[in-house]
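To start, the structure itself, in structure tokens.
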Amino acid sequence: MGQDVSLWTTPAPDALRVTPETTVAALDTRSTPGFTGDKKAGELLLVERGAVLSALQEKLYANGRSGDTRSVLLVLQGMDTSGKGGIVRHVIGQVDPQGVDHASFGVPTAEEKAHHYLWRIKNALPKGGQMGVFDRSHYEEVLVVRVHNLVPAEVWSTRYDEINAFEKELADSGTTIVKCAMFVSLDEQKARLTERLERPDKYWKFNPNDIDERLLWPAYQEAYQAVLDKTSTEHAPWHVIPADRKWFSRLAITELLIDALERLQLDWPPPDFDIEHEKQRLARA
Ligand code: AMP
Ligand code: MG
């Protein structure tokens with residue numbers, strides 16, 4: 001029996017898309033917008049929709065091999081423990097790794113610092129036929145940079161427009177941009193950080209700095225609000241992903257990627273050889 005996609009009463013892209021009313025400080029991070037199923041139903045549906053995602057991604061990859069220059073780019077932003085790594089593992093992990101261009105962005109290296117902040121981003125963009133995934137992104141330039149005053153306000157405040165222009169150019173050149181801001185509650189973050197300090201298999205995920213960033217929660221909420229207000233555009237809209245329930249964030253982002261790929265209306269690339277001729281040659285070989 002197939003799982004029921006109609007458990008989505010509103011399609012994920014519509015249910016999650018940022019609106020002018022979206023208020024970061026008021027988000028219900030345990031909610032499951034648009035989806036009426038429970039955890040069990042969500043997990044079962046993820047398996048089925050993962051297969052759909054994988055089939056679509058294979059078509060994108062096949063077309064890329066035939067010269068199609070289009071690509072999809074998933075941009076993941078969120079505070080520590082919001083589940084960005086889990087999306088890479090459990091959502092992107094559902095597709096053929098050959099077709100995935102993954103990049104994560106941490107504190108810039110000396111070489112990166114010597115260039116414009118978009119330099120490292122441009123170097124990591126997905127090639128034609130690839131599904132790119134950014135674990136953090138150019139948005140750090142108006143999040144951590146803003147919260148810690150790493151550059152003066154006169155500098156970071158110009159970046160929203162610059163980022164919009166950059167993304168417009170990217171979209172016009174054939175990259176479908178899927179931006180996801182993942183939000184956990186302060187309590188859920190504490191529970192996840194606690195687990196990272198209690199389980200030997202999770203120590204590696206803990207960074208003492210996460211506690212310092214946690215103390216700046218209101219400033220980060222303000223910075224995220226500005227990102228959603230200023231950089232959710234027609235060509236690259238933001239989606240708000242409530243992330244206290246991991247099963248929901250994974251299902252939701254799977255749906256957003258399926259939607260992005262379906263909008264490309266991909267077909268299998270036609271052969272660039274004469275099938276009958278090749279069959280005859282093979283029969284004799
Ligand atoms: P993680 O994603 O847990 O590996 O952490 C990466 C860290 O790098 C986070 O604390 C980010 O805020 C930080 N980071 C990413 N980009 C920048 C940037 N442009 N400037 C300063 N810190 C950054
Ligand atoms: Mg971290």
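Because the structure is a prediction, the values reported are computed rather than measured. Ligands are counted one by one from 1 in listed order, and the atoms in each one are counted from 1 as well.
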Legend entry - Contact residues of ligand 1, where a non-hydrogen atom lies under 4.0 Å away: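 Near ligand 1, by chain and number: Asp80, Phe105, Gly106, Val107, Pro108, Arg120, Arg136, Glu140, Glu141, Val144, Val145, Leu150.
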
Legend entry - Residue pairs involving residues 27-40 (criterion side chain to side chain donor-acceptor pair (under 3.5 Å); sequence neighbours excluded):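 Those involving residues 27-40 are Thr29-Asp244.
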
Legend entry - Residue pairs fulfilling side chain to side chain donor-acceptor pair (under 3.5 Å) with at least one residue in residues 122-134, sequence neighbours excluded: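 Non-adjacent pairs meeting side chain to side chain donor-acceptor pair (under 3.5 Å): Asp101-Gln130.
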
Legend entry - Donor-acceptor pair, side chain of Arg196 and main chain of Lys205, under 3.5 angstrom: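 Pair found, side chain donor or acceptor close to backbone of Lys205.
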
Inset, instruction - Indicate yes or no for a side-chain donor-acceptor contact from Thr254 to the backbone of Arg250 under 3.5 Å, with no hydrogens or angles considered. - result: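 Between the backbone of Arg250 and the side chain of Thr254 there is a qualifying donor-acceptor contact (under 3.5 Å).
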
Legend entry - Considering only N, O or S atoms of Asp80, the one closest to the Mg ion (ligand 2):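 Considering only N, O and S atoms, Asp80 comes nearest to the Mg ion (ligand 2) through OD1.
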
Inset, instruction - Sort and list the pairs that fulfil ring pair (Phe, Tyr, Trp, His ring centres under 6.0 Å) and have at least one residue in residues 85-115, not counting sequence neighbours. - result: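 Only Phe105-Phe134, His115-Trp119 qualify under ring pair (Phe, Tyr, Trp, His ring centres under 6.0 Å).
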
Inset, instruction - Please work out which of the three classes, parallel, tilted or perpendicular, describes the rings of His138 and Phe166, given edges at 30° and 60°. - result: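 Rings of Phe166 and His138: perpendicular, over 60°.
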
